[in-house]
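See below for the structure under consideration.
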Amino acid sequence: MSGQEPKGPYAKKAADLLVRLEIADAEKGSAGALPPPGTTGTAPAGTTLVEISNDSSEYLEILYSGPETGTARLAACSSCVTRTLPSLGLTGGCSPQAPTTTLRLRPGTYDFVVRGASGSDVRPYTAKWALKPATAYGSCFYVSKGYGSGSGAGPG
């Protein structure tokens, strides 16, 4: 995304279309697969909450499309490190210092992409999540480097 918000009567439709195209592009490529988020509690009636944390030293961008379409950016975690695969035992949860954002969405089925922010060489990950009404979810992402395989934004 360019960082500048488009203006005009069709700006929101154009921005949503761009997000959907970028998600479709990631799904066609060599993206990894994200597992479903964990259920963490309840949300207000008629909504779904998705808390996403970035336990990595890279800026991450989240794209989503379903009943609502949008993006979110998560700052890098200055005290977090890039993990080297295999990273056994590191899927328990995020660092308390991990930047976090909460998406308040209408319930429904969403396509998600988690990728490195612009200019990053982080491999994207995709998912189709069915988000139930009045439910809160959580997901933690980190960046790992495989042996000679680049890096990717994986679930934590």
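Along the sequence shown, the residues carry numbers beginning at 1. The model shown is predicted, which means the values in this text are computed figures rather than measured ones.
- At least one side-chain heavy atom of E22 sits under 4.5 Å from a side-chain heavy atom of R115.
- Taking each heavy atom of Y64 and V19 in turn, the nearest pair found is O-CG1, 3.7 Å.
- Nearest heavy-atom pair, S95 versus C80, reported as atom, atom and distance to 0.1 Å: CB-SG, 4.1 Å.
- The backbone N or O of S65 sits nowhere less than 3.5 Å from a side-chain atom of R20 that would complete a donor-acceptor pair.
- Residues R106 and E68 share a closest heavy-atom pair of N-OE2, 2.6 Å.
- Counting only heavy atoms from C-beta outward, the side chains of L21 and L17 approach each other to under 4.5 Å.
- Under the 4.5 Å side-chain criterion, counting only non-hydrogen atoms from C-beta, L34 is not in contact with T126.
- Put simply, the side chain of S79 never gets that close to the backbone of C77: no donor and acceptor are under 3.5 Å apart.
- When side chains are defined from C-beta on, L103 counts as touching I52, because their heavy atoms get closer than 4.5 Å.
- Of all heavy-atom pairs between P107 and P133, the closest is CG-CA, 3.5 Å.
- Side-chain atoms of P37 and E51, non-hydrogen and from C-beta on, never get closer than 4.5 Å to each other.
- Taking the six-membered ring for Trp, Y110 and W129 have ring centres at least 6.0 Å apart.
- At a threshold of 4.5 Å between side-chain heavy atoms, the hydrophobic network of Ile, Leu, Val, Met, Phe, Trp and Tyr places L74 and L49 in two separate groups.
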#### Entry: Candidate pair L105 and T47, rule side-chain contact (heavy atoms from CB on, under 4.5 Å), full reasoning
CA-CA 6 Å; L105 302 170; T47 67; over 6 Å; no

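- In this view, T42 satisfies the side chain to side chain contact (heavy atoms under 4.5 Å, CB included) rule with no residue, not counting sequence neighbours.
- T48 contributes a side-chain N or O that, together with a main-chain N or O of K132, makes up a donor-acceptor pair within less than 3.5 Å.
- D55 places none of its side-chain heavy atoms less than 4.5 Å from the side chain of F141.
- Of all heavy-atom pairs spanning G138 and T40, the tightest one is N-CG2, 3.6 Å.
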**Study point:** Test log, rule side-chain contact (heavy atoms from CB on, under 4.5 Å), inputs I62 and T71
**Key:** CA-CA 5 Å; I62 293 91; T71 64; over 6 Å; no

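- A heavy-atom distance below 4.5 Å is found between the side chains of L63 and E61.
- Under the 3.5 Å distance criterion, with hydrogens and angles disregarded, a donor-acceptor pair is assigned to the side chains of S56 and N54.
- Screening L18, D111, T69 against I23 for a side chain to side chain contact (heavy atoms under 4.5 Å, CB included) leaves a single residue, D111.
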